[in-house]
Amino acid sequence: MSDTHGKFIWYELMTPDTEAAARFYGFVVGWTAAPFENAAMPYTIFETNGRGVGGMMELTDEFARSGIPPNWTGYVAVDNVDETVRKIDAEGGSIMRPAEDIPEVGRFAVVKDPDGAVLCIMTPLPMDNQPPEAAPDAPGHVGWSELFTDDVERASTFYGSVFGWTKDHDMDMGEMGPYRIFAYKGKAIGGMMKRLPQVPVCHWGYYFNVDAIDQAVTRVSTGGGQVINGPMEVPGGSWIVNCLDPNGAYFSLVAPRK
């Protein structure tokens, strides 16, 4: 495996109102939004400090009729998309969109894990003149990835086989079972937990870094979003909230202080 196989490299929002979403996330997280000129369809890049951290595309009526809600989806880098698609299928996952090329960007596919959580995989083309990669806790970047699943052990085995992720440690959550911290290249990058009864489907969620949680909560509410859980302090001293944006897409925020 290469140095990037199994690394989260991109995050993408599908939303029915891209202009409103650009204003909301600019206000809440501090991103600037700019069109990606080479895209085959309208596509927006979210940037912080001159570096792209994610993208946005319209959730069209056609997508909505197929059952896709407003959502954030993560992209994981892989050495070879086609080989990884076969691996995912063999390990009990499924393929939502077969491998295809995005000109000047890379080759990608949309996949599901054995419990139905959606991810994208990509073999990116080399990008010129990229700013240096920011620290994991830098404001505006994604600081944590979290999976709600029906079976933590099954998910851990699946992602370990496909991406090479390893178990860092478990936190005991009582009747909810373990919160499994997983690592990429020896560094903890996310967690897996059993899906709560009120969560309708297994899914991935992403935590965007902000400076202070209380101020961010105010921005979420003022901007038309909704806090559905928190603020709460987590082990290590960070503060988190789980939210819905004005169009119903789930996202989370994490900050080093309240």
Side-chain angles (χ1 to χ4, degrees), residues 1-12 14 54 66-69 71-100 106-124 136 142-207 234 242 249-252:
M1 292 183 183
S2 73
D3 288 341
T4 57
H5 184 94
K7 180 181 181 179
F8 276 102
I9 56 171
W10 196 249
Y11 307 88
E12 187 172 83
M14 293 186 72
S66 69
I68 300 174
N71 73 91
W72 280 96
T73 301
Y75 282 69
V76 178
V78 296
D79 290 340
N80 185 299
V81 166
D82 298 84
E83 289 181 4
T84 304
V85 161
R86 290 190 287 271
K87 179 80 169 177
I88 287 168
D89 184 61
E91 295 290 337
S94 56
I95 313 307
M96 293 185 66
R97 184 167 178 170
E100 61 182 281
R107 188 164 177 81
F108 87 111
V110 185
V111 301
K112 284 184 177 180
D113 71 16
D115 288 303
V118 177
L119 274 175
C120 293
I121 57 174
M122 174 173 275
T123 303
V142 178
W144 196 251
S145 301
E146 188 170 73
L147 175 67
F148 292 88
T149 183
D150 287 337
D151 190 321
V152 170
E153 292 298 337
R154 178 168 60 213
S156 187
T157 298
F158 172 81
Y159 287 107
S161 177
V162 173
F163 296 142
W165 295 344
T166 57
K167 173 182 173 180
D168 190 83
H169 67 279
D170 283 348
M171 293 190 300
D172 184 7
M173 298 178 66
E175 294 182 359
M176 294 171 60
Y179 187 87
R180 171 72 47 85
I181 307 293
F182 66 92
Y184 162 77
K185 304 293 184 186
K187 294 184 178 180
I189 60 168
M192 303 176 184
M193 64 181 291
K194 187 171 177 61
R195 177 172 62 94
L196 303 172
Q198 62 267 33
V199 178
V201 295
C202 297
H203 69 96
W204 281 93
Y206 304 100
Y207 287 75
V234 295
N242 307 119
Y250 175 83
F251 72 100
S252 300

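The OG1 atom of T166 sits 11.5 Å away from atom OH of Y184, with the distance rounded to the nearest 0.5 Å. Note that the OH atom of Y11 and the OG1 atom of T73 stand 12.0 Å from one another [nearest 0.5 Å]. If you take OH on Y250 and CD on E146, they are separated by 5.5 Å, rounding to the nearest 0.5 Å.
Residues T84 and H5 have side chains in contact (heavy-atom distance under 4.5 Å, counting atoms from C-beta outward). Contact annotation: the side chain of I88 approaches that of I121 to within less than 4.5 Å [non-hydrogen atoms, C-beta and beyond]. W144 has its side chain within reach of I181: a pair of non-hydrogen atoms, C-beta onward, lies under 4.5 Å apart. Annotation: side chain of D82 is in contact with side chain of R107 (closest heavy-atom distance under 4.5 Å). Residues W10 and C120 have side chains not in contact (no heavy-atom distance under 4.5 Å, counting atoms from C-beta outward).
Counting only residues at least two apart or on different chains, the salt bridge (charged side-chain N to carboxylate O under 4.0 Å, His left out) pairs with a member in residues 187-206 are D150-R195. A salt bridge (charged side-chain N to carboxylate O under 4.0 Å, His left out) check over residues 155-165, counting only residues at least two apart or in different chains, returns nothing. Applying the salt bridge (charged side-chain N to carboxylate O under 4.0 Å, His left out) test to pairs two or more places apart or on separate chains, those with a residue in residues 172-182 are E153-R180, D170-R180.
Scored by the ring-ring contact (aromatic ring centres under 6.0 Å, His included) test, F148 finds H203 as partners (sequence neighbours excluded). In terms of the side-chain contact (heavy atoms from CB on, under 4.5 Å) criterion, residue partners of I68 (sequence neighbours excluded) are, by chain and number, M14, L59, F63, S66, N71. For D113, the side-chain contact (heavy atoms from CB on, under 4.5 Å) partners two or more places apart in sequence, or in a different chain, are D115, A117, L147, F158, Y159.
Nearest heavy atoms, A109 versus P98: CB-C, 4.1 Å. Across all non-hydrogen atoms, the minimal contact from G191 to F182 is N-CE2, 3.3 Å.
Aromatic pair W72/Y206: centroids not less than 6.0 angstrom apart.
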Evaluate ring-ring contact (aromatic ring centres under 6.0 Å, His included) for F8 paired with W204, printing each intermediate quantity in order. CA-CA 12 Å; F8 276 102; W204 281 93; 5.6 Å; yes
Report the C-alpha separation of F108 and E100 in whole Å, then their side-chain angles, then the decisive distance to 0.1 Å, and conclude whether the side-chain contact (heavy atoms from CB on, under 4.5 Å) test is met. CA-CA 6 Å; F108 87 111; E100 61 182 281; 3.5 Å; yes
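The aromatic rings of W165 and F163 lie tilted to each other, with the angle between the two planes from 30° to 60°.
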